[in-house]
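First comes the structure, then the notes that go with it.
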Amino acid sequence: MTAAKCSYFLFFHIFSIKCECRKYKDLIMRTGLSEDLIARVLGGLPKYTIAELEKKFPPRNLPDGAMVTRFAPSPTGFMHIGNLYGALIDYKLAQQSNGVFMLRIEDTDTKREVAGAVDVVKNAMHRFGLEYNNDEKYGPYYQSQRKEIYRSVAAELLRSGRAYPCFLTAEDMERIRGEQSSAGFATGIYGEFARDRDIAAEDIIRHLDNGDVPSIRLYSTGDPARRIFCKDAVRGSIGFPENNEDLVLIKSNDGLPTYHFAHLVDDHFMRTTHVVRGEEWLPSLPLHYQLFRMMGWQPPVYIHTATLDKIDGDTGKQRKMSKRKDPECNVAFFLNEGWPVGAVIEYLGNILASGYEEAKLKGAVKNFWEYEMKPKKIPMSGALFDMKKLEWWAKEYIGSMAVSDLVKSVTDWANEYGDDKQKMQVADQNYLTAVLAIERDNPKRVRKDFITWKQTLEIVEFFWDDLFVPNAEYKYNADVLNAFLDTFNIADDKDTWWNKIVEIAQRFGVKNGDVAMNLRVALSGRTNTPDLYSIIQVMGADRVIKRIKAAK
RNA sequence: GGUCCCAUCGUCUAGCGGUCAGGACAUCGGAUUCUCAUUCCGGUAACAUGGGUUCGAUUCCCAUUGGGACUGCCA
């Protein structure tokens with residue numbers, strides 16, 4: 001406003017420019033509150049001075065280049081795949097730089113609290129191998145337990161006139177918003193709309209005596225006519241108009257900080273070096289810079305990640321993955337369906353570090369944990385979450401597993417998430433091992449039809465008599481089946497066995513493949529299966545004979 | 001409405017003034033002593049548009065278009 005006025009008077013009153021500017025300068029800070037008033041406004045005495053906090057949470061003693069990152073979810077009871085994506089970046093950055101990765105619970109929204117929500121987060125992180133290291137020296141890590149810290153910083157702002165108590169009610173603000181939008185102004189509490197911006201001590205006391213509880217607002221000295229340049233590690237410098245909104249720092253309803261204030265205080269005193277967050281935070285970057293500058297603190301390096309999208313089935317358009325519409329955006333979905341967590345990590349790693357795929361294909365690294373990602377290479381445009389490519393990573397991942405590990409993974413999944421049928425399949429570990437070992441002896445030619453633990457058990461169901469579904473459609477050649485039974489010997493080696501097939505084919509004037517197909521369908525009920533000889537060996541003579549007899 | 005971000009094959013991307021625009025997934029063919037799957041070989045397929053800057057733009061700048069985010073005492 002001031003700058004606009006300045007230019008308005010430019011031609012005529014050089015003098016008034018000076019006046020305006022002085023007036024502006026006078027507005028830079030309001031009069032600070034007395035200690036008594038601060039205690040009343042904040043509902044208690046501040047416990048620490050800034051200097052004490054600096055001492056309590058000193059800069060970390062870490063090697064050069066070590067990154068301190070944090071995953072800071074709000075406990076909604078739902079972990080989005082996008083959260084996992086961000087947490088993976090946090091974890092990886094800390095891990096590869098010998099830094100520290102923290103988990104901080106942003107539970108400042110008391111209205112949205114969900115029981116057991118933190119366990120959902122912790123469990124997911126543990127499952128996906130994102131172990132955090134919450135050094136208690138820098139705690140507590142629940143924002144709801146950091147009230148004293150926020151209050152102490154808020155007190156300092158109140159003392160120096162950089163913040164003020166605001167007694168605007170919800171109705172007041174609704175009215176203001178209405179007036180602003182009908183008048184075509186930007187909505188929000190700023191400038192002349194910030195009624196209590198320059199509230200006098202006696203008015204504060206009057207409100208307090210009346211039982212009114214204030215929120216604490218920033219006394220913004222930003223001028224939208226000026227620009228502030230902020231840095232994002234991948235996007236570079238971004239210019240914004242300065243913020244002039246008197247944002248809420250401490251909420252009146254519960255005395256807890258808003259995200260903005262908590263971010264300032266926590267990431268400073270936890271000594272976070274790199275803040276990784278979704279790009280929805282980009283618009284508040286100038287505010288955060290303003291906050292850090294006001295305190296004289298060094299802002300962290302910011303990395304704003306793009307969203308994980310999908311194509312909407314109805315509209316055909318690309319959009320962010322939605323909690324409501326897309327079950328596959330819930331991390332729990334991958335666990336329930338038995339996706340190999342390692343494969344999900346590989347896939348996400350492939351998205352967030354495009355060089356990884358090539359490095360892995362070249363054999364330079366074994367898995368994502370070994371790959372050194374570059375923060376600057378994190379993609380800034382939204383990526384479509386591609387289930388097909390995830391499947392490919394999963395097939396590759398399972399294909400490279402030792403049979404014993406595969407059996408264990410499938411068994412663990414079935415016992416935790418499976419139904420009775422699936423639990424039965426994993427009961428006999430020897431049989432399961434034999435089934436899953438088929439066509440896995442040659443590392444270069446491993447079958448790659450296993451994608452998830454669940455689907456793995458499904459495609460081998462026919463090995464269990466209780467789950468075997470005979471094929472009623474197929475027209476068997478009874479002569480062929482009889483001939484097979486006549487010469488069948490489970491002890492035959494593969495060549496001997498095959499020679500018998502060829503002999504039968506010649507005898508009945510059919511193709512080798514026809515004989516094989518008759519056996520395949522009789523044994524499995526399916527027309528597509530792995531190697532027949534292996535199936536017969538795993539099933540055993542009794543079961544083979546029984547099924548063939550039943551088929552013809 | 002205002003502010004900001006983004007834009008290379010269908011998808012994820014490499015590229016950082018001069019390349020036949022490379023790779024991966026998907027897809028389509030062919031080969032691989034029984035189907036399927038593997039494996040191998042090969043093919044189709046992209047710089048959103050218009051202006052500049054330059055000897056020369058996918059690359060730099062500006063518009064346009066398209067997509068997205070924010071504009072809460074939610075994060």
Side-chain angles (χ1 to χ4, degrees), chain A residues 72-76 106-109 111-112 143 166 168-170 173-174 177 181 184-189 213-217 224 230 232 235 238-241 243 245 247-260 262-263 277-286 304 306-307 309 311 317-320 347 350-355 357-358 360-362 377 379-393 395 399 439 442 444-450 459 498 501-502 505 511-521 524 526-533:
Chain A
S74 52
T76 60
E106 309 232 320
D107 56 348
T108 56
D109 186 359
K111 285 169 282 182
R112 260 196 344 189
Q143 290 183 327
C166 171
L168 248 20
T169 63
M173 287 183 289
E174 203 175 314
R177 182 183 315 283
S181 54
F185 292 141
T187 54
I189 302 304
V213 181
S215 61
I216 307 301
R217 282 184 186 271
C230 308
D232 174 280
R235 289 159 222 260
I238 306 168
F240 299 87
N243 165 65
E245 271 200 66
L247 275 118
V248 172
L249 267 16
I250 305 271
K251 297 179 282 178
S252 62
N253 60 344
D254 49 20
L256 286 167
T258 56
Y259 171 87
H260 308 293
H263 160 53
R277 45 157 54 161
E279 67 180 354
E280 67 272 17
W281 290 108
L282 220 36
S284 43
L285 193 50
H304 293 94
T307 53
D309 301 344
I311 297 291
K317 290 196 168 180
Q318 184 166 341
R319 61 164 169 77
K320 189 174 166 178
Y347 173 62
N350 164 244
I351 291 181
L352 67 86
S354 61
E357 185 173 18
E358 204 178 337
K360 166 135 181 172
L361 255 27
K362 276 198 317 207
K377 297 282 283 181
M380 50 186 168
S381 49
L384 232 39
F385 194 87
D386 185 350
M387 286 302 276
K388 278 275 179 250
K389 191 142 191 185
L390 205 214
E391 285 183 7
W392 178 79
W393 280 101
K395 288 176 180 176
E439 288 188 76
N442 181 352
K444 285 298 280 180
R445 297 177 75 91
V446 175
R447 293 192 69 83
K448 287 187 181 157
D449 35 15
F450 298 153
I459 63 182
W498 180 250
I501 302 278
V502 173
K511 292 186 206 156
N512 298 346
D514 292 333
V515 178
M517 190 54 79
N518 268 275
L519 293 176
R520 171 172 294 111
V521 177
S524 70
R526 303 179 185 181
T527 52
N528 301 333
T529 67
D531 177 61
L532 252 188
Y533 178 77

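Reminder, nothing fancy here: chain letters follow the sequence lines and each chain counts from 1. Please read these numbers as outputs of a predicted model, since none were measured by experiment.
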Exercise for the section: Side chain of A:S74 only, please: which of B:U35, B:C12, B:A75 is the nearest? Expected result: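 Nearest nucleotide to the side chain: B:A75.
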Report the nucleotide, chosen from B:U13, B:C73, B:C70, that has the shortest atom-to-atom distance to any side-chain atom of A:V248.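 Of B:U13, B:C73, B:C70, B:C73 is nearest to the side chain of A:V248.
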Worksheet entry | Side chain A:D254, main chain A:D109, donor-acceptor under 3.5 Å |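 Flag not set: sc A:D254 to bb A:D109 has no pair under 3.5 Å.
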Could you pull out the protein-nucleic contacts involving nucleotides 3-10 of chain B (nitrogen or oxygen on both sides, under 3.5 Å)?
{"residue": "B:C4", "atom": "OP1", "partner": "A:R227", "partner atom": "NH1", "Å": "3.4"}
{"residue": "B:C4", "atom": "OP1", "partner": "A:R227", "partner atom": "NH2", "Å": "3.0"}
{"residue": "B:C5", "atom": "O2'", "partner": "A:R235", "partner atom": "NH1", "Å": "2.2"}

Please state the [atom1] separation for the pair [N] and [M] - nearest whole angstrom.
| N | M | atom1 | answer |
| --- | --- | --- | --- |
| B:G50 | B:U65 | P | 15 Å |
| B:A31 | B:G68 | P | 46 Å |
| B:A24 | B:G15 | C1' | 16 Å |

Base, sugar-phosphate alone, or nothing: which one does A:E358 contact when heavy atoms must sit under 4.0 Å apart?
->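 No contact at all - A:E358 keeps every heavy atom at 4.0 Å or more from the nucleic acid.
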**Request:** Searching all strands shown, indicate the nucleotide that pairs with B:C60 (Watson-Crick or G-U wobble; both distances under 3.5 Å).
**Result:**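 Per the H-bond distance test, B:G52.
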Find out whether A:R277 and A:L285 are in side-chain contact, i.e. whether some heavy atom of one side chain is under 4.5 Å from a heavy atom of the other.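 Contact flag for A:R277/A:L285 side chains = yes.
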Considering only nitrogen or oxygen atoms on both sides, find all protein atoms under 3.5 Å from nucleotides 38-40 of chain B and state each distance.
{"residue": "B:U38", "atom": "O2'", "partner": "A:V446", "partner atom": "O", "Å": "2.9"}
{"residue": "B:U38", "atom": "O2", "partner": "A:R445", "partner atom": "NH2", "Å": "3.3"}
{"residue": "B:U39", "atom": "OP1", "partner": "A:K448", "partner atom": "NZ", "Å": "2.8"}

Has A:K377 got a side-chain N or O lying under 4.0 Å from the OP1 or OP2 atom of B:G15?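 Result: yes.
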Task: Atom-to-atom span, CG of A:D254 to P of B:C73 - whole angstrom - done: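 My rounded result for the distance is 13 Å.
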